[in-house]
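Naming convention: chains lettered A, B, ... in sequence-line order (proteins, then strands); numbering from 1 in each chain. All values below come from the heavy atoms of this structure, side chains included, with hydrogens, waters and symmetry mates left out.
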There are 2 protein chains.
Amino acid sequence: MGEAVTKATEAESVSDDALRGFIGYHMKRAMAVLQADLNRALKPFGLRMVSYSALVMIVENPGLRQTQLADALAIERPNLVVILDGLEEAGLITRDKVPADRRAWALNPTLKGRKLADKATAANRVDEARLLKGLPADKRALVIEVMGLIETGRGGPEA
Amino acid sequence: MGEAVTKATEAESVSDDALRGFIGYHMKRAMAVLQADLNRALKPFGLRMVSYSALVMIVENPGLRQTQLADALAIERPNLVVILDGLEEAGLITRDKVPADRRAWALNPTLKGRKLADKATAANRVDEARLLKGLPADKRALVIEVMGLIETGRGGPEA
DNA sequence: TATTGTTATACTCTATAACTATA
DNA sequence: TATAGTTATAGAGTATAACAATA
């Protein structure tokens, strides 16, 4: 029987009009693509998005403590521990004793860590440029500005 | 003993210069705030970000099948099943037999589902407006446009 | 054979409580 | 008592393989 004609070529008839106005809907999908893309670019270096961010922050701020780094990366301290374990085992950073406070560790990059951070940063730049191909610098800056607005602009959960 | 003077007021000395240029870094942080905020706004309705999106899509596209919805929401079919189980148990949607294809379910909203989708959408609009307080419509549109560019603009993993 | 929905499973990311050693 | 780092654990979210029913 020839009943298959009404099948339509799949998702072409699905409308997402009601969701199109929501920034969150678009950001989630874009974020998924971007993160997968970034992690693929970082894989040759044995890094993922978060471990890369941590390494760069340590290179840029040698001697900083784990609590400071966790705050800067907006992740919880317990979750940072395993990330740093990985970086340390890979010989990219060291956890050094702080004489002034024997509870704390000073995070420092090794030479290997600094070199890898540079290479990974270069790879990331290439990758992001490809993903945002043709996006003018001013538009890119605006997006970053709006992300900052969202992040800090918690109009007030209790306000 | 007065040795605490060198302690500094925590993260104020931490620089993230090297990460500031990366859209992914900012998007991830903004996304975390936005998603937490959205989920808080949706909690009174018993919805989360994904289940809300699914419900709205079903209201807007009654009769669609699960594979179509999973494609539209960019989630895997197995993960959609549990989301739909929740919506169905809450009496917001029904899974109806499709005569033409006895393997498939047609997803339809109940009256209760349609009403809840309207209320949740209104709440979301209020919440997102607060989070993006003062952001002009054209800038908002640009952000959405760039998100679309990122999502579709996979310059080519194999290209 | 291929596809729809499903189950089971695993892996990542994130969040919280509680412990230790220091302060 | 409070804080730095840690451990253990639980919860989301996401991804893949494999199955039954049907095409």
> Considering only side-chain heavy atoms of B:E76, which listed nucleotide, C:dT14, D:dA15, D:dG13, is closest?
Replying inline: D:dA15
> How long is the line joining CZ of A:R103 and P of C:dT22, in whole Å?
Replying inline: 10 Å
> Taking for each residue the nucleotide of DNA chain C with the nearest heavy atom, is it B:L84 or B:K28 whose nucleotide lies nearer the 5' end?
Replying inline: B:L84
>> Looking only at the side chain of B:R48 (C-beta and beyond, no hydrogens), which of the listed nucleotides D:dT14, D:dA12, C:dT14 gets closest?
In response: D:dA12
All N/O donor-acceptor pairs, side-chain side in residues 142-149 of chain A, below 3.5 Å, sequence neighbours left out:
none

> What nucleic acid atoms does B:Q66 come within less than 4.0 Å of, heavy atoms only: base, sugar-phosphate, or nothing?
Replying inline: sugar-phosphate
>> Whether A:T67 contacts D:dG5 is assessed here as follows: a side-chain N or O lying under 4.0 Å from the phosphate OP1 or OP2. Is that the case?
In response: yes
> Rounded to the nearest Å, what distance is computed from the CG atom of residue A:D96 to the C1' atom of nucleotide D:dA4?
Replying inline: 16 Å
> Which heavy atom of B:K112 sits nearest a heavy atom of B:A90, and at what distance?
Replying inline: NZ-O, 3.0 Å
> When you match A:A32 and A:A104 each to their closest nucleotide on DNA chain D, which lands nearer the 5' end?
Replying inline: A:A104
>> Looking only at the side chain of B:D101 (C-beta and beyond, no hydrogens), which of the listed nucleotides D:dA23, D:dA4, C:dT6 gets closest?
In response: D:dA23
> Starting at the 5' end of DNA chain C, which residue's closest nucleotide do you reach first, A:V98 or A:P78?
Replying inline: A:P78
> Given atom CZ of B:R29 and atom P of C:dC13, what is their separation to the nearest angstrom?
Replying inline: 17 Å
> Closest approach of A:I150 and B:A30, non-hydrogen atoms and distance?
Replying inline: CG2-O, 3.7 Å
> Whole Å only: how far is the CG atom of B:N79 from the C1' atom of C:dC11?
Replying inline: 12 Å
>> Closest approach to the side chain of B:R102, judged atom by atom: which nucleotide of D:dT22, C:dT7, C:dT4 is it?
In response: D:dT22
>> Rounded to whole Å, how long is the line connecting atom CG of A:L69 with atom C1' of D:dT3?
In response: 17 Å
> Once you round it to whole Å, what is the distance between C1' of C:dA18 and CZ of A:R77?
Replying inline: 14 Å
>> Can you measure B:E88 atom CD to C:dT6 atom P for me and round it to whole angstrom units?
In response: 8 Å
> Which heavy atom of A:M49 sits nearest a heavy atom of B:Y25, and at what distance?
Replying inline: CE-N, 4.0 Å
>> Counting only heavy atoms not in A:R125 (residues, nucleotides, ligands), do more than 12 fall under 6.0 Å from its CZ?
In response: no
>> Just the rounded figure in Å: distance from C1' of C:dT14 to CE of A:M31.
In response: 14 Å
